[in-house]
Visitor: 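Dumping the structure here so I can ask a few things about it.
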Amino acid sequence: MTPTPERSDFIRDIVAADLREGRIDTVVTRFPPEPNGYLHIGHAKSICLNFGIATEFGGRCHLRFDDTNPVKEEQEYLDSIMADVRWLGFDWGEHLYHASDYFEQLYEWAVHLIEAGKAYVDDLSAEEIREHRGTLTEPGTPSPWRDRSVEENLDLFARMRAGEFPNGSRVLRAKIDMASPNINFRDPVMYRILHADHPRTGDAWCIYPSYDFAHGQSDAIEGITHSICTLEFQDHRPLYDWFIANLPVPSQPHQYEFARLNLTHTVLSKRVLLKLVKEGFVRGWDDPRMPTLSGIRRRGFPAEGLRDFAAMIGVARADSVVEIEMLEHAVRDVLNRTTLRRMAVLDPIKLVIENYPEGVTEELEVPNSPEDPDAGSRMVPFSRDLWIERDDFMEDPPKKFFRLAPGREVRLRSAYFVTCTDVIKDAEGRVVELRCTYDPESRGGSAPDGRKVKATLHWVSAAHAVDAEVRLYDHLFADPFPGSDGRDLLDDLNPDSEVILQGAKLEPALADTPAGETVQFERLGYFCPDPDSTPTAPVFNRTLTLKDTWARLQAKGA
RNA sequence: UGGGGCGUCGCCAAGCGGUAAGGCAUCGGCCUUUGGAGCCGACAUUCGUAGGUUCGAAUCCUACCGCCCCAGCCA
């Protein structure tokens, strides 16, 4: 499936109308992450929206770090965010900015508001401010410091900047309306004292602007036309507009809100993700089970799949939870057409072809991709002793199982038809080896007499197999709605989200799979080398399984 | 009991007064040297509920119900 290129949503409709009706000449958007964590798939939705609109309408999209809280922000996050946006396939060109680039301008505008009698320094403590704020149903009460003179406010604010006061001792507040039904208007904090080093400005500042005072003004400075954010900022829009209206800003940006992404079987909360990392429930921010872009990349998901997914889910204002199957579909769709096919046996059982000459190896030509003839083919060694998948044999098969069984003939992919003639078991009765005969006439995988077989099995020549570790990944959370109904999030963690297999058997060509490339292990799924992989000890991650009708039938029967 | 939003198929989502797109999932069938892929078909007489306006309503009006967000010196 190819997503419709000209998709439309309410934001694109607004942009199109603004362009058409001449309210703007060029659309300018921005992706404004706070560098306090790694980007996740929810951010990908926003990135695709903002950068997508810019390219579709011939405008531009800025990458701007909302770095106004030095106590939470780190250079590591700045770096990972830039790498992730690039990986996703977007380019901000020259337009890399930081809210911290505007600290001086923001300070001047704060002074402007003080001079206009629209901001004041408050000496109340954080707790007192909260008490004065009122409640959802009761108006707040003015701070006793609300009516200080402009001169005193100017003096105090300058001394706040100069570092004369300790953290938390004073704040600068906008003077709006303590009785407003919109709590954001009850004299919101514009600046707080934070004696902390900033990743970019170092110790140049000890007062930092709040989100509300920094964001809209940063948009105005950059000439952002459409400032797109998530629903929880709706209540802030009147305040956003208030600052723009009361300051001599160079442009008039507007804010629009859309519903953030929620996904079943996953959690998209920086707080929770940080906890999973810090407390060792995963291998790190880039654990293949994490919904972070770095985790998704390590898992082997292609960026194109994420972009297709973003296009598929659309953009709207209704809270929603997207089934993870939709993401998996988008990823499989890309992988199916782009990936090379290889053979690997995850849970091997020996198959010996009794009538095949001992000590002989022949090279069989196997196509690299049925979806792409241009992908060519490769030579794969074949011999008397092979590994096949344990699940591909049943001694006493049910009606619908049509793989190998005693007396049954099946095809070994691109090789020969083989018929199981004997089953060898160990002392405990466990099947340890299958004896077969092959039909030399069926070389390549089809019989000259035209007879058919119901199954095609993948295989690896035992003498040529490369041993590997394979890590099977599944949803990090077993429940579709982690932590719902009051459960502890951690209780919903899927105990089988990572299953590590040792001694998987790979066909030789797999040993040179480059890092970052995802391949298909035929009939099993998509896999990619993990960064832990070495030439002598390959490690593959399972990106996704293939859709599995047989597994579904079994599940239904059970 | 304040304010701001949202309610169209199991999930996402078009629709903007003219008689319910599409995708995911699911279920059939065909095809197949991956039980993959592909192809074909099925899948909302109904749009949170109840009234009203209209020749005609998911779209307009009224009331009600349900869900989400807001009381950080986080963003």
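Proteins get letters first, then strands, A, B, ... in listed order; numbering begins at 1 in each.
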Visitor: Need one value for Ser125(A): base, sugar-phosphate or nothing, where a base atom within 4.0 Å counts as base even if backbone is also close, heavy atoms only.
Guide: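 Base, at least one base heavy atom under 4.0 Å.
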Visitor: Please work out if Ala126(A) contacts a base, only the sugar-phosphate, or nothing of the nucleic acid, heavy-atom cut-off 4.0 Å.
Guide: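 Touches a base.
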Visitor: Pull up the glycosidic torsion of G72(B) and say syn or anti, syn being anything within 90° of 0.
Guide: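 Glycosidic conformation of G72(B): syn.
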Visitor: Both Glu34(A) and Met326(A) contact RNA chain B. Taking the nearest nucleotide for each, which residue is further toward the 5' end?
Guide: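 Mapping each residue to its closest nucleotide by heavy atoms, the 5'-most match is Met326(A).
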Visitor: Remember a base hit wins even if backbone is also touched, and classify Lys400(A) as base, sugar-phosphate or nothing at under 4.0 Å, heavy atoms.
Guide: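 Base contact.
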Visitor: Not counting sequence neighbours, which residues clear side chain to side chain donor-acceptor pair (under 3.5 Å) with Lys454(A)? List them please.
Guide: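 Once residues adjacent in sequence are excluded, Lys454(A) has no partner under the side chain to side chain donor-acceptor pair (under 3.5 Å) criterion.
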Visitor: Remember a base hit wins even if backbone is also touched, and classify Pro370(A) as base, sugar-phosphate or nothing at under 4.0 Å, heavy atoms.
Guide: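 Base, at least one base atom sits under 4.0 Å.
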Visitor: What contact category does Val321(A) fall into here, base, sugar-phosphate, or nothing, at under 4.0 angstrom with non-hydrogen atoms?
Guide: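 It contacts sugar-phosphate atoms only.
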Visitor: Using a heavy-atom cut-off of under 4.0 Å over every strand shown, decide if Ser446(A) touches base, sugar-phosphate, or nothing.
Guide: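 Base contact - Ser446(A) has a heavy atom under 4.0 Å of at least one base atom.
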Visitor: Taking a pair as Watson-Crick or G-U wobble with both distances under 3.5 Å, which nucleotide is matched to G7(B)?
Guide: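 With both distances under 3.5 Å, G7(B) matches C65(B).
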Visitor: With both distances under 3.5 angstrom, what nucleotide forms a Watson-Crick or G-U wobble pair with C55(B)?
Guide: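 Its partner is G18(B).
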Visitor: Establish, with yes or no, whether the OP1 or OP2 oxygen of C27(B) is under 4.0 angstrom from a side-chain nitrogen or oxygen of Arg552(A).
Guide: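 Answer is yes, contact under 4.0 Å.
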Visitor: Has the side chain of His236(A) got a donor or acceptor atom sitting under 3.5 Å from an opposite partner on the base of A75(B)?
Guide: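 Answer is yes: a donor-acceptor pair is held.
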Visitor: Considering Watson-Crick and G-U wobble pairs with both distances under 3.5 Å, what does G38(B) pair with?
Guide: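 Its partner is C30(B).
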Visitor: Which of these, Phe213(A), Phe165(A), Tyr208(A), sits in a ring-ring contact (aromatic ring centres under 6.0 Å, His included) with Tyr191(A)?
Guide: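 In the set Phe213(A), Phe165(A), Tyr208(A), the residue that makes a ring-ring contact (aromatic ring centres under 6.0 Å, His included) with Tyr191(A) is Phe213(A).
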Visitor: Report yes if at least one side-chain N or O of Arg317(A) is closer than 4.0 Å to OP1 or OP2 of C69(B); otherwise report no.
Guide: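 Answer is no, no contact under 4.0 Å.
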Visitor: Does any nucleotide pair with C73(B) by Watson-Crick or G-U wobble geometry, both distances under 3.5 Å, and what is it?
Guide: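 Per the H-bond distance test, none.
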Visitor: Among A13(B), C73(B), G10(B), which nucleotide sits nearest the side chain of Glu323(A)?
Guide: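 The listed nucleotide nearest to Glu323(A)'s side chain is G10(B).
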Visitor: With heavy atoms under 4.0 Å as the rule, sort Leu544(A) into base, sugar-phosphate or nothing.
Guide: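 Here Leu544(A) touches no strand at all.
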Visitor: Under 4.0 angstrom, heavy atoms only, what part of the nucleic acid is Asn69(A) near: base, sugar-phosphate, or nothing?
Guide: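 Contact class for Asn69(A): sugar-phosphate only.
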Visitor: Measure from CD on Glu371(A) to C1' on G36(B) and round the result to the nearest Å.
Guide: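 So the two atoms are 8 Å apart, to the nearest Å.
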Visitor: List the residues meeting side chain to side chain donor-acceptor pair (under 3.5 Å) with Glu21(A), not counting sequence neighbours, and say none if there are none.
Guide: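 Expected list: Arg23(A).
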Visitor: Taking 4.0 Å as the cut-off, does a side-chain nitrogen or oxygen of Lys547(A) come that near to OP1 or OP2 on A37(B)?
Guide: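 Affirmative; the distance criterion is met.
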Visitor: It should be established whether Lys452(A) places a side-chain nitrogen or oxygen under 4.0 Å from OP1 or OP2 of nucleotide C31(B).
Guide: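 No.
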Visitor: Taking the six-membered ring for Trp, does Tyr211(A) stack with A75(B) (centroid gap under 5.5 Å, planes within less than 30°)?
Guide: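 Not stacked by the 5.5 Å and 30° rule.
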Visitor: Within the 4.0 Å heavy-atom criterion, would you say Val189(A) contacts the bases, only the backbone, or no part of the nucleic acid?
Guide: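 Sugar-phosphate contact only - Val189(A) comes under 4.0 Å of backbone atoms but never of a base.
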Visitor: Taking only the side-chain nitrogens and oxygens of Arg186(A), find out if one of them lies under 4.0 Å from OP1 or OP2 of A71(B).
Guide: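 Looking at the OP1 and OP2 atoms of A71(B), neither is under 4.0 Å from any side-chain N or O of Arg186(A).
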Visitor: Can you tell me the pairing partner of C47(B) across any strand shown, Watson-Crick or G-U wobble, with both distances under 3.5 angstrom?
Guide: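 Base-paired to nothing in any strand shown.
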Visitor: Have a look at Ser227(A) and tell me which of Asn50(A), Asp219(A), Thr29(A) forms a side chain to side chain donor-acceptor pair (under 3.5 Å) with it.
Guide: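 Filter result, single survivor: Asp219(A).
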Visitor: May I ask you to verify if any side-chain N or O of Arg523(A) is less than 4.0 angstrom from the OP1 or OP2 atom of G36(B)?
Guide: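 For G36(B), neither OP1 nor OP2 has a side-chain N or O of Arg523(A) closer than 4.0 Å.
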Visitor: Reckon Thr456(A) touches a base, only the sugar-phosphate, or nothing at all at heavy-atom distances under 4.0 Å?
Guide: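 Sugar-phosphate only.
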Visitor: How far apart are the closest heavy atoms of Ala119(A) and Met190(A), and which atoms are they?
Guide: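 Scanning both residues completely, I find the closest heavy atoms to be CB-SD, 4.1 Å.
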Visitor: Do any side-chain nitrogens or oxygens of Ser210(A) fall under 4.0 Å of OP1 or OP2 in G72(B)?
Guide: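 Indeed not, no polar side-chain atom of Ser210(A) lies that close.
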Visitor: Using the ring centroid of each side chain, check whether Phe233(A) and Tyr240(A) are separated by less than 6.0 Å.
Guide: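 Between Tyr240(A) and Phe233(A), which both carry aromatic rings, the centre distance is not below 6.0 Å.
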Visitor: For Trp550(A), does the CH2 atom sit with more than 12 other heavy atoms under 6.0 Å from it, leaving out its own atoms?
Guide: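 Result for CH2/Trp550(A): enclosed.
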Visitor: Base, sugar-phosphate, or nothing: which does Phe402(A) touch, judged by heavy atoms less than 4.0 Å apart?
Guide: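 Contact class for Phe402(A): base.
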Visitor: Are any non-hydrogen side-chain atoms of Tyr120(A) and Ser143(A) less than 4.5 angstrom apart?
Guide: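 They are in side-chain contact.
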Visitor: Could you tell me whether Leu524(A) contacts a base, only the sugar-phosphate backbone, or nothing, with contacts defined as non-hydrogen atoms closer than 4.0 Å?
Guide: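 Leu524(A): no heavy atom of the nucleic acid under 4.0 Å.
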Visitor: With the side chain of Glu232(A) defined as its heavy atoms from C-beta on, choose the nearest nucleotide among C69(B), G28(B), C74(B).
Guide: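 Given the options C69(B), G28(B), C74(B), the side chain of Glu232(A) is closest to C69(B).
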Visitor: Pick the closest RNA chain B nucleotide for Ser169(A) and for Ala259(A) by heavy atoms, then say which residue is nearer the 5' end.
Guide: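 Of the two residues, Ala259(A) wins.
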Visitor: For Ile313(A), which contact category applies under a 4.0 Å heavy-atom criterion: base, sugar-phosphate, or nothing?
Guide: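 It contacts sugar-phosphate atoms only.
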Visitor: Hey, does Glu138(A) reach any base, or is it just sugar-phosphate, or nothing, if we go heavy atoms under 4.0 Å?
Guide: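 Answer is nothing: Glu138(A) stays at 4.0 Å or more from every strand.
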Visitor: Starting at NZ of Lys72(A) and ending at P of A75(B), how long is that distance when rounded to a whole Å?
Guide: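 Atom NZ in Lys72(A) sits about 8 Å away from atom P in A75(B).
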